*Asks:* 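I'd like to ask some things about the structure below.
For clarity, every value in this text was computed on a predicted model and none was experimentally measured.
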Amino acid sequence: MTKRALGGLIAVSLAFASGGFGQGITTSAISGFVTNKQGAAVGGATVTVVHEPTAARTTVTTRENGQFNLSGLRVGGPYTVTATLSGFQP
């Protein structure tokens, strides 16, 4: 079986929530979609987010429509975001 690539790894709409104008918010969130090269949704992919300064790692599985949401992340970055799924190249 030929391996297919996860089209640019992740077509992600990154939504970083931080700070919050003094509201006492002390976590961040990232959400987006995982698609293949053809733009089709990739459900069941594992998305891993690593907060580079601390190496804190969080994972989530994409929904059937390729969507994922991660909250409760450390504030600030940088972050490394990767998606993996058997049969696909990361």
Side-chain angles (χ1 to χ4, degrees):
M1 175 178 185
T2 180
K3 294 197 179 230
R4 301 164 283 180
L6 281 179
L9 183 55
I10 304 177
V12 181
S13 306
L14 294 179
F16 292 100
S18 65
F21 302 104
Q23 311 308 344
I25 298 172
T26 58
T27 62
S28 290
I30 298 176
S31 62
F33 292 85
V34 177
T35 61
N36 64 17
K37 282 186 176 182
Q38 292 74 34
V42 178
T46 299
V47 176
T48 303
V49 175
V50 178
H51 182 251
E52 292 301 322
T54 62
R57 179 179 305 265
T58 306
T59 61
V60 68
T61 302
T62 59
R63 296 183 186 101
E64 189 174 314
N65 67 354
Q67 183 179 17
F68 68 92
N69 297 305
L70 284 161
S71 59
L73 303 172
R74 292 182 178 264
V75 174
Y79 292 100
T80 299
V81 181
T82 57
T84 56
L85 181 64
S86 180
F88 287 84
Q89 295 176 345

*Asks:* Restricting to side-chain hydrogen bond (donor to acceptor under 3.5 Å, both in side chains), what partner residues turn up for Thr80, sequence neighbours left out?
*Replies:* Glu52
*Asks:* What pair of heavy atoms forms the shortest contact from Phe33 to Phe68, and how long is it?
*Replies:* N-CE2, 3.7 Å
*Asks:* Applying side-chain contact (heavy atoms from CB on, under 4.5 Å), name anything that partners Thr58, two or more places apart in sequence or on another chain.
*Replies:* Leu70, Leu73
*Asks:* Mind listing the closest non-hydrogen atom pair of Ala41 and Gly66 along with its distance?
*Replies:* CB-N, 3.9 Å
*Asks:* Is there a path from Val50 to Val34 through hydrophobic residues (I, L, V, M, F, W, Y) whose side chains come within less than 4.5 Å of each other?
*Replies:* no
*Asks:* Is it the case that the side chain of Thr46 and the backbone of Thr59 share a donor-acceptor pair, with hydrogens and angles ignored and the cut-off at 3.5 Å?
*Replies:* no
*Asks:* For Ile30 and Val81, work out which heavy atoms get closest and say how close.
*Replies:* CD1-CG2, 4.4 Å
*Asks:* Within a strict 4.5 Å, meaning less than it, do heavy atoms of the Val60 and Asn69 side chains meet?
*Replies:* no
*Asks:* I need the minimum non-hydrogen distance between Val42 and Asn36, along with the two atoms involved.
*Replies:* CG2-N, 3.6 Å
*Asks:* Who pairs with Ala56 by side-chain contact (heavy atoms from CB on, under 4.5 Å), at least two apart in sequence or on another chain?
*Replies:* His51, Thr54, Arg74
*Asks:* Should Pro78 and Pro53 count as side-chain neighbours, where that means a heavy-atom distance under 4.5 Å?
*Replies:* yes
*Asks:* Are the side chain of Thr62 and the backbone N or O of Gln67 linked by a donor-acceptor pair below 3.5 Å?
*Replies:* no
